[in-house]
Amino acid sequence: MESTARPRLLFVDDEARILVSLKSIFRTDYDVRTANSGAEALDILRDWPADVLISDQRMPEMTGVDVLRSAAELRPDTTRILLTGYSDLEAIIGSVNDGEIFRFVSKPWRRNELRDTVAAAVRVAARAQAANDPSTPSDDAPVETVPAAPSRAADDRTGVLVLDADAAEREALRHVLSADRPVYVAGSFYEALEQIKQHPIGTVITESSISGEPVTTLVNGLHQLRPELVYIVLTGQPDAQHIIDLINYGQIYRVLRKPINVSVLRGAVNLAARRHQTLQRQPDRAQQMTEELAVIPPERQNRSLFSKIREFLHA
């Protein structure tokens with residue numbers, strides 16, 4: 001009989017052969033259940049608190065994003081992974097905004113990569129459950145990070161940084177958001193670092209690329225030093241791979257398509273501010289989640305920017 005102490009995985013796919021393959025890969029080390037539809041998966045989750053939910057996107061009746069969205073409400077401590085062979089931008093964006101996905105895995109998957117991703121997701125789920133259980137002591141060793149900016153008075157909200165190479169767009173976003181909280185602006189990566197160093201910033205709103213350079217390296221590098229920062233990405237280009245990278249390497253919180261709906265933006269910023277407050281209250285959890293980021297392949301890293309981030313924020 002399998003021990004219930006083993007981490008619990010729930011795989012969802014409408015293709016039986018894929019479920020058989022996935023179960024054969026993971027059943028030795030995990031307690032594995034499978035579902036061939038979203039409705040069946042949610043029925044299982046109601047009675048069985050899976051640690052990790054791995055769902056295919058393209059399924060009849062209920063998509064993977066729909067499954068993740070419902071699972072997030074039903075079992076918020078379950079870590080969620082989207083598994084798909086389709087570069088469907090709307091599905092990818094939905095997985096971030098509605099399912100709060102941990103990682104995106106492309107089909108056909110590589111077995112070792114999938115194993116590593118699931119193992120990281122299990123660790124994140126365990127830490128989330130421990131953080132929400134007041135009876136669980138924390139025995140994690142402290143991790144050296146750059147100290148967070150000094151906290152302000154309780155009625156003075158933590159600021160937002162707008163990173164956009166277009167001055168007119170920066171000012172438009174500043175105008176929209178400044179009634180609610182302090183807003184700082186930057187037109188380049190290095191201006192953004194200066195603002196983060198100088199001001200108490202909790203949320204970063206950024207274009208997906210700045211002057212043609214993807215923001216993936218910036219977000220990934222900042223995670224190592226300021227793990228409590230929360231990121232909202234604005235995009236007008238249907239670049240699915242770029243958004244996937246920002247999920248896997250940057251744990252972005254929301255993606256908003258341009259042109260921006262002002263009420264949607266304000267709502268996203270309010271949610272991000274709450275997320276930032278949670279991470280501030282649980283710095284060990286924030287740091288541990290950062291440690292589970294996927295590693296950017298060397299050929300896709302901006303190493304000079306990585307070095308500059310570390311050098312600048314440690315100075």
Examine distances only and state if a side-chain atom of [X] and a backbone atom of [Y] form a donor-acceptor pair shorter than 3.5 Å.
X      : Y      : answer
Arg75  : Leu45  : yes
Asp56  : Val12  : no
Ser209 : Gly212 : no
Gln195 : Val185 : yes
Arg226 : Ile196 : yes

Roughly how far, to the nearest 0.5 Å, is [atom2] of [Y] from [atom1] of [X]?
X      : Y      : atom1 : atom2 : answer
Arg33  : Glu40  : CZ    : CD    : 11.0 Å
Ile309 : Leu218 : CD1   : CG    : 5.0 Å
Asp13  : Ser55  : CG    : OG    : 7.5 Å
Ile81  : Trp109 : CD1   : CH2   : 12.0 Å
Leu256 : Ser208 : CG    : OG    : 11.5 Å
Phe104 : Asp245 : CZ    : CG    : 10.5 Å

One pair to check against salt bridge (Lys or Arg N to Asp or Glu O under 4.0 Å): Lys258 and Glu169. What are the steps and the verdict? CA-CA 11 Å; Lys258 299 172 73 173; Glu169 291 190 5; 3.0 Å; yes
Can a donor-acceptor pair be found between the side chains of Ser304 and Asn302 at a distance below 3.5 Å? yes
Return yes if a side-chain donor-acceptor contact under 3.5 Å exists between Thr217 and Asn220, otherwise no. no
Write down the atom of [X], the atom of [Y], and the distance for their closest heavy-atom approach.
X      : Y      : answer
Thr290 : Pro227 : OG1-CB, 3.3 Å
Val67  : Gly38  : CG2-CA, 3.5 Å
Pro200 : Thr158 : O-CG2, 3.1 Å
Arg46  : Leu74  : CG-CD2, 3.7 Å
Ala41  : Leu10  : O-CD2, 3.7 Å
Arg103 : Ile247 : CA-CG2, 4.2 Å

Taking a hydrophobic cluster as the set of Ile, Leu, Val, Met, Phe, Trp and Tyr residues connected by side-chain heavy atoms closer than 4.5 Å, whether directly or through intermediates, do [X] and [Y] fall within one such cluster?
X      : Y      : value
Ile232 : Leu279 : no
Leu19  : Val105 : yes
Tyr253 : Val124 : no
Val204 : Val230 : no
Ile201 : Leu193 : yes

Do [X] and [Y] make a side-chain contact, defined as non-hydrogen atoms from C-beta onward lying under 4.5 Å apart?
X      : Y      : result
Arg257 : Thr235 : yes
Thr79  : Asp51  : no
Glu113 : Asp116 : no
Gln57  : Val65  : yes
Lys308 : Tyr190 : yes
Val176 : Ile260 : no
Phe26  : Val52  : no
Pro60  : Asp14  : yes

Could you give me the CA-CA distance, side-chain angles and deciding distance for Leu114 and Leu22, then say whether side chain to side chain contact (heavy atoms under 4.5 Å, CB included) is met? CA-CA 10 Å; Leu114 183 58; Leu22 289 168; 3.7 Å; yes
Might you work through the side chain to side chain contact (heavy atoms under 4.5 Å, CB included) test for Leu177 and Arg266, ending with a clear yes or no? CA-CA 7 Å; Leu177 298 172; Arg266 283 178 168 158; 4.2 Å; yes
Hydrophobic cluster of Phe306, others only, ordered by chain and residue number, side-chain cut-off 4.5 Å: Tyr249, Ile296
Which ILVMFWY residues are connected to Val20, directly or by a chain of links, through side-chain heavy atoms under 4.5 Å apart? none
Identify the residue among Val183, Ile205, Asp164 that makes a side-chain contact (heavy atoms from CB on, under 4.5 Å) with Arg170. Asp164
Among Leu246, Leu222, Ile252, which residue satisfies the side-chain contact (heavy atoms from CB on, under 4.5 Å) criterion with Val215? Leu246
What orientation do His199 and Tyr184 show, parallel under 30°, tilted 30 to 60°, or perpendicular over 60°? parallel
Kindly indicate, with the supporting measurements, whether the criterion side chain to side chain contact (heavy atoms under 4.5 Å, CB included) is fulfilled by Arg181 and Val269. CA-CA 10 Å; Arg181 51 184 48 83; Val269 171; 3.4 Å; yes
Option passing salt bridge (Lys or Arg N to Asp or Glu O under 4.0 Å) with Asp29 (candidates Arg115, Arg8, Arg6): Arg115
Apply side chain to side chain contact (heavy atoms under 4.5 Å, CB included) to Leu265 and Leu173, showing your working. CA-CA 9 Å; Leu265 175 62; Leu173 290 172; 3.6 Å; yes
Axial cation check for Phe312 ring with Lys197, 6.0 Å and 45° limits: yes
List for me each residue that meets side-chain hydrogen bond (donor to acceptor under 3.5 Å, both in side chains) alongside Arg303, sequence neighbours excluded, and say none if there are none. none
